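Letters A, B, ... are given to chains in the order of the sequence lines, protein chains preceding strands, and every chain is numbered from 1. Just so you know, these numbers come straight off a predicted model, no measurement behind them.
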Amino acid sequence: MAGSLTAASVGEDVIVAGWVGKRRDHGGLIFVDLRDGTGIVQCTFDPEDSRDAFVLAERIRPEWVVKLEGTVRRRPAGTDNPNMATGEVEIIVRSAEVLNTAETPPFEIEAGIDTDELTRLRWRYLDIRRPEVREALVLRDRVTQRFRKALEHRGFVEVETPILTKSTPEGARDFIVPSRLNPGKFYALPQSPQLFKQLLMIGGMERYYQIARCFRDEDLRADRQPEFTQVDIEMSFVGQEDVLAMTEGVMHEVMREAGHDLVTPLPRITYGEAMERFGTDRPDTRFGLELVDVAAVFASSEFKVFAGALSSGGASKGICAKGAGDWSRGRIDALNQVALDAGAKGLAWVAVTSDGDVKSPIAKFFTEDEMSALRAALGVDDGDLALMVADARPVANEVLGVIRLRLADELEVERHGFCALWVVDFPMFTWDDEEERWTATHHPFTLPFLDDIDALDERPGELLAHTYDLVINGYEIAGGTLRIHDPELQLRVLNRLGLSTEEAKAQFGFLLDALGFGAPPHGGIAFGLDRLVMLLAGAHSIRDVIAFPKTSSGSDPMTQAPDAVSPRQLKDVHLRVD
RNA sequence: GGGGGUGUAGCUCAGCUGGUUAGAGCGCUGGCCUGUCAAGCCAGAGGUCGCGGGUUCGAGCCCCGUCACUCCCGCCA
């Protein structure tokens, strides 16, 4: 009500209820900004209109809850406030009632405050009164509703899956819940509905979705919370193209809801290409700064470090930092440190000043021809800085991927709008040095490329899988796979991951059994709803789009969770705590 | 688990090379004020300098430890 009053409402008698914002007391005249869910309107207390209301207005304080009755009036000439939606009008208050008083809030309830997040979270319900937080939650609702609408329209059925479920190996650390009725046994909270959606396909649901809460007991980040929300989707009797087309259609509608036009079909690149060009599997394609293979330049050069890396099967890659040719040595050294931290042995560089002078610790190893070849390969003009890494191919790519993002910041590269793309064909397995075994790149239920299935045993590192990640502005917004529907193949994959047949049956027996009862071919995708809304809201953390998020140590400053429980509770669930 | 940053009034911050009684703006309280909207003017209250230890004649400042928040790496199939 409050925020929707305009000149068209002039003359109307209205009742508004809400919170007191700013109060401006002129002695003989008092203005109160009244805020409700719709916005803010100025309410004017004049003793000539109502003595009682005026006397009350002298007492009220910020964040008191009041109900005001009065008439909407055009503001006197010259007193309009063009900065507020209701700035042409005001309510002349005839009667006022205090519904509740309030403590002085620990921070001001208004847009654009610069208060520490801990303070905001401790009084999150006050923070939620502020417009940015409110708008983020409203946006989240609109996005969620649009997902529902778009999916229902396409024949999907929303099904709830268990929150109390079974811990399985592979993947993230589970949150576990002790069972009172089963001493010594535990439920696990789902990392995602994963297996249940497959079981729904086997159950003949054919098209399932769920706005699903997921739980992972891992360390937090700006874009990672211990509980988060997926829009989880699965379809039967489909191939990859069907899933991608469905996803693009739904995304188009969702983006439209948020006021953006997503041009489809989206570009696609393979995982391999993403790594070669951007040094990451989730490239931010709002800018170039792509990685270039400079092996041809270094193969025969006198620069032993690079030539050596190449001859031992590695790669040498480079990136051209436009306009960085005049950077100080210190600034380049800082980049070198970034490269070292990212795992490089060093960062080679050639700076060409805007006067055309070449400065480089490695220039002495190059002939004039080689130097021009390097500049041509990377597109280095006067005033540019070339950065090169030679190492095992994955290392060289990843290091330059990190450098690329750093350069985008340093060079203040323009990054606006939304650049979405598919990254497809991830490897089925990734070698884990620490555990000395193959792990599933996406998950163990991913369908590998069947035309190369011999690689499963012979060359597991080369086997690709039917996978697709939707990446926007460097964030993985959705990811999915076609699933294995053959129990024999599923068992082979689990074996390949180091699970014996007995272990596989103990952990995933219900899935293997189910696959044996006529599982249809199926595949799907899951969106990270929090991240998507964060991007759409222009926020920098998913905490900004979650009503009651946790701090980076996983605690809630408002409820004080997690907290100790009583000895009785522990005894009930057969637990002892040190 | 590791690295960086931060921690001083309710909020945001300043506080010099270690030196008297720790300051400012906003907010809050009281007073004045009939057209403000970051209202204005006057007055006032408000401090475990995150916590613990150490060095020193003397610590907000230096040292050690610790806690919290935050960003990143590891981790997140």
Side-chain angles (χ1 to χ4, degrees), chain A residues 21-34 40-49 54 58 61-63 73 75-84 86-87 90 92 103-123 126 168-174 191-192 194-195 214-226 228 337-338 340-343 398 402 405-406 426-430 432-435 437-446 465 467 476 479 481 493-494 497 526 528 540-541 543 550-555 557:
Chain A
K22 295 265 192 226
R23 174 171 155 278
R24 293 173 293 280
D25 185 346
H26 287 238
L29 186 68
I30 298 171
F31 301 102
V32 165
D33 290 334
L34 185 95
I40 294 175
V41 68
Q42 170 167 288
C43 301
T44 304
F45 294 79
D46 188 329
E48 285 177 19
D49 291 302
F54 181 82
E58 289 182 312
R61 290 292 181 268
E63 299 312 309
R73 184 170 79 181
R75 291 194 187 187
T79 63
D80 285 5
N81 183 348
N83 297 320
M84 60 195 292
T86 59
E90 62 188 353
I92 298 300
E103 301 291 318
T104 299
F107 48 85
E108 283 162 72
I109 311 300
E110 60 189 25
I113 61 171
D114 186 26
T115 300
D116 188 80
E117 218 178 317
L118 179 61
T119 308
R120 292 172 48 203
L121 290 184
R122 184 160 165 203
W123 289 278
L126 296 180
T168 53
E170 299 286 317
R173 193 176 289 114
D174 287 317
Q191 299 174 22
S192 80
Q194 210 58 271
L195 296 176
C214 306
F215 306 87
R216 295 178 187 176
D217 189 5
E218 298 291 348
D219 285 5
L220 288 80
R221 288 283 190 282
D223 64 347
R224 270 164 36 189
Q225 284 269 305
F228 61 99
Q337 190 56 50
V338 171
L340 292 177
D341 292 344
E398 277 172 41
V402 172
L405 292 179
R406 176 63 174 251
F426 283 66
M428 181 75 187
F429 302 108
T430 307
D432 186 323
D433 274 330
E434 211 166 290
E435 295 190 38
R437 67 179 186 100
W438 292 101
T439 57
T441 306
H442 263 78
H443 53 64
F445 320 108
T446 307
T467 55
E476 182 195 330
T481 66
V493 168
L494 292 171
L497 292 169
H540 292 103
S541 165
R543 292 190 298 273
K550 298 194 171 41
T551 68
S552 64
S553 64
S555 64

message = Under 4.0 Å, counting only non-hydrogen atoms across every strand here, what does A:Arg73 touch: a base, just sugar-phosphate, or nothing?
response = base
inquiry  = Please report the distance separating the C1' of B:rG5 from the corresponding atom of B:rG10, rounded so that it comes out in whole Å.
reply    = 24 Å
key: Watson-Crick or G-U wobble mate for B:rA43, both contacts under 3.5 Å   = B:rU29
key: Short side-chain N/O contact to B:rC75 OP1/OP2 from A:Arg216, under 4.0 Å   = no
query = Which value, in whole Å, describes the distance between the P atoms of nucleotides B:rA68 and B:rG23?
reply = 32 Å
inquiry  = Let's see if you can work this out: which of B:rC11, B:rG35, B:rA68 has an atom nearest to the side-chain heavy atoms of A:Leu118?
reply    = B:rA68
key: Check: A:Arg122 side chain, B:rC69 base, donor-acceptor under 3.5 Å   = no
task = Could you please name the option among B:rC28, B:rG35, B:rC11 that lies closest to any side-chain atom of A:Pro62?
result = B:rC28
ask   = P atom, B:rG18 versus B:rG25: distance in rounded Å?
value = 28 Å
task = May I ask you to evaluate whether A:Thr551 reaches the phosphate of B:rC69, defined as a side-chain N or O under 4.0 Å from OP1 or OP2?
result = yes
inquiry  = Any base atoms under 4.0 Å from A:Thr441, or only sugar-phosphate, or nothing? Heavy atoms, all strands.
reply    = sugar-phosphate
request  = Looking only at side-chain atoms of A:Asp25, point me to the closest of B:rC76, B:rA38, B:rC33.
outcome  = B:rC33
note = Taken to the nearest whole Å, CZ/A:Arg24 to C1'/B:rG40 is 13 Å
task = Would you mind classifying the nucleic acid contact of A:Thr430 as base, sugar-phosphate or nothing, using non-hydrogen atoms under 4.0 angstrom?
result = nothing
query = For atom C1', what is the distance between B:rG15 and B:rG7, given to the nearest Å?
reply = 15 Å
inquiry  = Once you apply a heavy-atom cut-off of 4.0 Å, does A:Gln42 come out as touching a base, just sugar-phosphate, or nothing?
reply    = base
task = Would you classify A:Thr86 as touching base, sugar-phosphate or nothing, given that sugar-phosphate means primed atoms plus P, OP1 and OP2, and contacts are heavy atoms under 4.0 Å?
result = nothing
key: Face-to-face stacking of A:His26 with B:rA39, centres under 5.5 angstrom, angle under 30°   = yes
ask   = Considering only B:rA68, B:rC37, B:rG35, which nucleotide approaches the side chain of A:Ser553 most closely?
value = B:rA68
inquiry  = By nearest atom, which of the nucleotides B:rC28, B:rG35, B:rC75 is closest to the A:Glu218 side chain?
reply    = B:rC75
task = Quote, to the nearest angstrom, the C1' distance that separates B:rC62 from B:rC16.
result = 15 Å
inquiry  = Is it the case that the base of B:rG27 and the side chain of A:Arg61 share a donor-acceptor contact (distance under 3.5 Å, atom types as modelled)?
reply    = no
message = So A:Phe107, base contact, sugar-phosphate only, or nothing? Heavy-atom distance under 4.0 Å.
response = nothing
message = Checking the side chain of A:Arg75 only, and the main-chain atoms of A:Asp80 only, is there a donor and an acceptor separated by less than 3.5 Å?
response = no
request  = Might you point out which heavy atoms bring A:Val493 and A:Pro444 nearest each other, and give the distance in Å?
outcome  = CG1-O, 3.5 Å
task = Indicate, with a heavy-atom threshold strictly under 4.0 Å, whether A:Asn83 touches base, sugar-phosphate, or nothing.
result = nothing
query = In terms of side-chain heavy atoms of A:Thr104, which of B:rC37, B:rC71, B:rC28 is nearest?
reply = B:rC28
note = Of the listed B:rG74, B:rU36, B:rU34, the closest approach to the A:Arg224 side chain comes from B:rG74
inquiry  = Regarding B:rG74, can its base be found pairing with the side chain of A:Asp219 as donor and acceptor, where the two atoms are less than 3.5 Å apart?
reply    = yes
Nucleotide nearest A:Asp114 (side chain, heavy atoms from C-beta), chosen from B:rU12, B:rA39, B:rC37 = B:rU12
inquiry  = Need one value for A:Asp174: base, sugar-phosphate or nothing, where a base atom within 4.0 Å counts as base even if backbone is also close, heavy atoms only.
reply    = nothing
d(CG, A:Asp432; P, B:rG74) in whole Å = 13 Å
key: N-O pairing of A:Arg224 and A:Glu218 below 4.0 Å   = no
inquiry  = Distance check, P atoms only: B:rG60 and B:rG53, in whole angstrom units.
reply    = 14 Å
message = In whole Å, I'd like the distance from the CD1 atom of A:Ile30 to the P atom of B:rC37.
response = 16 Å
ask   = Quick one: is B:rU70 close enough that its OP1 or OP2 comes under 4.0 Å of any side-chain N or O from A:Ser552?
value = yes
5' precedence on RNA chain B between A:Pro106 and A:Asp46 (nearest-nucleotide basis) = A:Pro106
ask   = Are side-chain heavy atoms of A:Thr481 and A:Phe445 found at a separation under 4.5 Å?
value = no
inquiry  = The side chain of A:Phe31 is closest to which nucleotide in this list: B:rU36, B:rU70, B:rG27?
reply    = B:rU36
inquiry  = I'd like to know if A:Arg24 pairs up with A:Asp33 as an ion pair, taking the criterion as any Lys NZ or Arg NE/NH1/NH2 lying under 4.0 Å from an Asp or Glu carboxylate oxygen.
reply    = yes
message = Can a donor-acceptor pair be found, under 3.5 Å and without considering hydrogens, that links the side chain of A:Thr467 to the backbone of A:Phe426?
response = yes
query = Of the nucleotides B:rG74, B:rU36, B:rC11, which one has an atom closest to the side chain of A:Thr115?
reply = B:rC11
task = Specify the residue among A:Leu121 and A:Arg23 whose closest nucleotide of RNA chain B lies further upstream toward the 5′ end.
result = A:Arg23
